[in-house]
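Accompanying notes for the structure given below.
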Amino acid sequence: MTSVFQNNPEYLTLVAKADALSGEYLFGRGTMDMKMGLTLHMHLMEQAIQEEWPVNLLLVTVPDEEVSSAGMLAAVPGVLEISKAKHLNIKLFLNGEPSFTQEPLDENHYIYSGTIGKILPAALFYGVPTHAGEPLNGVTAHFLSAYLTKHMEFTSRFSETYDGETTPLPICLQANDLKAHYDVQTSHHSYALYNVVTLTQTAEDVMATFREIAEDAMHECRTDYEAVCQHSNVPPLNCFRVLDYNELLDYFIDKYSREEADALIQKVIEAEDVDQRKLTLMIADKLMEYCQELAPATVLMFAPPYMPAVNSSNDDLVQRLIAVTTETMKDRFDYKVTNKHYFNGISDLSYVNYNPDDEGWQSFKNNAPLWGESYSIPFKEMQQLSAPVMNIGPFGKDAHKMTERLHKKNAFVMMPEVLRTVIQQLF
């Protein structure tokens, strides 16, 4: 790949062109994120076996980290079972994610003593359908959704800062109509997914803020709607509700039964071949179909994935390993690395060292329509895997782009030496 770019530099940005011509980088998708991290950890296993290191290393390789972390969610109970069966005292969870830039053209090499959290608040907007020629006889789902998205995108109400590191602002990742086909009936159901990044907030904290924002948004929506109705001399609809998914489910159960709710949810899951995000919304949509007296309504919930934040920066072992890493790179290679408290690219370290005192995850469980069906998180097992975390990986650039590349000396010379030194601190 590198030779292709060297022979065709017009494909590259100025920075990527300079890196290709320097001969210092290995180009190729996956070289930086995440093949080199796996290679480095396999090399550690090889050294430990050949040299008979007096330490137990457990290599866990997991798929699906950037979608729903199915591999890690399945691995957590397995790692806990192994640790109990072998009477292991787990000292450290070490990840090999690469150094991610903090801003465009960032040339710093970072190591991390934690990982950011990611949660996906979602909303189903359920309006009152009408003929397009009589628009004020109903309320469209899109009218509702516009107000919540306006209030959610770029809001600072979820923002957190820790020692100079600040979470990115929320953004809408997807907004779609659930109407199956085109006609002149207005669309009464649509949805939106919002990306929220956390440092210390629990799912309960996020849902509480999400609810407050939704209440504010629907108040504005209601106010504007009534002004239109007044101008047109039309009586407005009575109520614009905001509901948590758990409230909708309880309402359905009171109106029908728990058995009918379970059967309805299972029928949706079996009938729809769609991804977990859309399936989440379609379950809520089906419940609303049987409770249309609640409309117009905005139903709040969580969609997969949920990745809790972890921070081991104050752990004594982690502080020692940070010092060892920075000193090794400086003394042996005259190279600077910088520690960050949170890895900013999301990682499966989210599923270990979970706060044993935190019960905020119950809010996620109660408001995730797919919980216990095709998605769940082993929170109780995660709370038992209480060792600190670190992420030390290679330096590269342009992850997930055509120009993704790995710094060869950093990856093949510096990192093996650093990781060997780090592991030796454990015995």
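Computed from a predicted model, the values in this text were never measured in an experiment.
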Passes side-chain hydrogen bond (donor to acceptor under 3.5 Å, both in side chains), T149 versus Y194? Steps please.
CA-CA 8 Å; T149 297; Y194 303 102; 2.8 Å; yes
Verdict with reasoning, K365 to E359, per salt bridge (Lys or Arg N to Asp or Glu O under 4.0 Å)
CA-CA 11 Å; K365 175 183 176 182; E359 294 296 326; over 6 Å; no
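- The aromatic rings of Y147 and F143 sit perpendicular, their planes meeting at an angle over 60°, well past the 30° parallel limit.
- Taking the six-membered ring where the residue is Trp, H341 and Y162 present perpendicular rings, their angle passing 60° and hence far from 30°.
- If you look at H188 and Y126, their ring centroids are closer than 6.0 Å.
- Other residues, nucleotides and ligands contribute only 12 or fewer heavy atoms inside 6.0 Å of the CD atom of E52.
- Salt bridge D262/R258: present, at least one basic N to carboxylate O contact under 4.0 Å.
- No side-chain heavy atom of L120 sits under 4.5 Å from any side-chain heavy atom of F302.
- In this structure, M45 places its CE atom where more than 12 heavy-atom neighbours from other residues, nucleotides or ligands lie under 6.0 Å away.
- Proximity of Y375 to L73: side-chain heavy atoms (C-beta onward) are separated by under 4.5 Å at one or more points.
- Between F100 and F343, the ring planes are perpendicular. Angles over 60° get that label, and only those under 30° would be called parallel.
- No hydrogens or angles considered: nothing links the side chains of S69 and D64 as a donor-acceptor pair under 3.5 Å.
- No hydrogens or angles considered: a donor-acceptor pair under 3.5 Å links the side chains of N311 and Y342.
- Rounding to the nearest 0.5 Å gives a distance of 8.0 Å between OG of S68 and CG of D275.
- Environment of OH in Y182: sparse, with no more than 12 heavy atoms of neighbouring residues, nucleotides or ligands closer than 6.0 Å.
- Put simply, CG on L57 and CD1 on I423 are 5.5 Å apart, with the number rounded to the nearest 0.5 Å.
- Under the 3.5 Å distance criterion, with hydrogens and angles disregarded, no donor-acceptor pair is assigned to the side chains of E65 and S347.
- With a 6.0 Å radius and a threshold of 12 heavy atoms from other residues, nucleotides or ligands, L105 has its CG atom at or below the threshold.
- The side chain to side chain contact (heavy atoms under 4.5 Å, CB included) test with P121 is passed by exactly one of N367, L300, V196, L193: V196.
- A distance of 11.5 Å separates CZ in F210 from OG in S363, rounded to the nearest 0.5 Å.
- Annotation for K267: atom NZ does not count as buried by contact number, only 12 or fewer foreign heavy atoms lying within 6.0 Å.
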Could you walk me through whether L248 and M301 satisfy the side chain to side chain contact (heavy atoms under 4.5 Å, CB included) test, starting with their C-alpha distance in whole Å, then the side-chain angles of each, then the deciding distance to 0.1 Å, before giving a yes or no?
CA-CA 10 Å; L248 171 60; M301 67 205 79; over 6 Å; no
Report the C-alpha distance between E404 and K401 in whole Å, list the side-chain angles of each, state the deciding distance to 0.1 Å, and finish with yes or no for salt bridge (Lys or Arg N to Asp or Glu O under 4.0 Å).
CA-CA 5 Å; E404 181 174 339; K401 293 185 178 182; over 6 Å; no
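- The side-chain heavy atoms of M390 and F93, taken from C-beta on, include no pair separated by under 4.5 Å.
- Distance alone, capped at 3.5 Å, places no donor-acceptor pair between the N366 side chain and the N246 backbone.
- Side chain to side chain, D398 and T403 meet the donor-acceptor criterion of an N or O pair below 3.5 Å.
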Hey, mind stepping through M36 and F412 against side chain to side chain contact (heavy atoms under 4.5 Å, CB included) and telling me if it holds?
CA-CA 9 Å; M36 194 62 212; F412 296 107; 3.6 Å; yes
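- A donor-acceptor pair under 3.5 Å is formed between the side chain of T39 and the backbone N or O of K35.
- Put simply, the side chain of L58 does not reach to within 4.5 Å of the side chain of I90, judged on heavy atoms.
- For the 3.5 Å distance criterion, the side chains of Q384 and Y354 fail to qualify, holding no donor opposite an acceptor.
- Taking CG of D163 as the start and OG of S313 as the end, the distance is 8.0 Å to the nearest 0.5 Å.
- If you check the side chains of H400 and E66, you find a donor sitting under 3.5 Å from an acceptor.
- More than 12 heavy-atom neighbours from other residues, nucleotides or ligands sit within 6.0 angstrom of NZ on K118.
- Judged by distance alone, the side chain of S99 and the main-chain N or O of Y110 form a donor-acceptor pair under 3.5 Å.
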Between N176 and S190, is a side-chain hydrogen bond (donor to acceptor under 3.5 Å, both in side chains) present by the stated rule, with each step listed?
CA-CA 6 Å; N176 280 325; S190 66; over 6 Å; no
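- Side-chain atoms of K336 and T338, non-hydrogen and from C-beta on, do get closer than 4.5 Å to each other.
- Within a 6.0 Å radius of CG in D334, other residues, nucleotides and ligands contribute 12 heavy atoms or fewer.
- Inter-residue side-chain proximity for L264 and Y256 is flagged as unmet; no heavy-atom pair is nearer than 4.5 Å.
- A distance-only check finds no donor-acceptor pair linking the side chain of E107 to the backbone of T101 [under 3.5 Å].
- With contacts defined as side-chain heavy-atom distances shorter than 4.5 Å, the pair M32/F395 does not qualify.
- In this structure, the side chains of K340 and Q102 come closer than 4.5 Å at one or more pairs of heavy atoms.
- Note on R241 versus E293: no salt bridge recorded, every NZ/NE/NH1/NH2 to OD/OE distance being 4.0 Å or above.
- Side-chain contact check for T140 and S187: no donor-acceptor pair (N or O, by modelled atom type) lies under 3.5 Å.
- Sorted by first and then second residue, the pairs that involve residues 200-220 and meet side chain to side chain donor-acceptor pair (under 3.5 Å), not counting sequence neighbours, are K150-E220, H151-E220, R157-D216, E160-T200, E160-Q201, T202-D205, R211-E215, R211-D244, R211-E247.
- In terms of the side-chain contact (heavy atoms from CB on, under 4.5 Å) criterion, residue partners of T421 (sequence neighbours excluded) are, by chain and number, V324, T328, R332, E417, Q425.
- Distance check, rounded to the nearest 0.5 Å: CG of L279 to CG of D285 gives 11.5 Å.
- The salt bridge (charged side-chain N to carboxylate O under 4.0 Å, His left out) with K397 is formed by just one residue from the set D19, D33, D106; it is D19.
- We find the CD1-OG1 distance between I111 and T325 to be 4.5 Å, quoted to the nearest 0.5 Å.
- Just one of K278, Q174, R277 meets the side-chain hydrogen bond (donor to acceptor under 3.5 Å, both in side chains) condition when paired with Y191; it is Q174.
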Given side chain to side chain contact (heavy atoms under 4.5 Å, CB included), test Q362 with F379 step by step and report yes or no.
CA-CA 9 Å; Q362 293 285 350; F379 285 106; over 6 Å; no
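- A donor-acceptor pair is defined here as one N or O able to donate and one able to accept, closer than 3.5 Å; such a pair exists between the side chain of S22 and the backbone of E24.
- If you check the side chains of N410 and Y335, you find a donor sitting under 3.5 Å from an acceptor.
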Stepwise side chain to side chain contact (heavy atoms under 4.5 Å, CB included) check, T167 with T198
CA-CA 7 Å; T167 53; T198 65; 5.8 Å; no
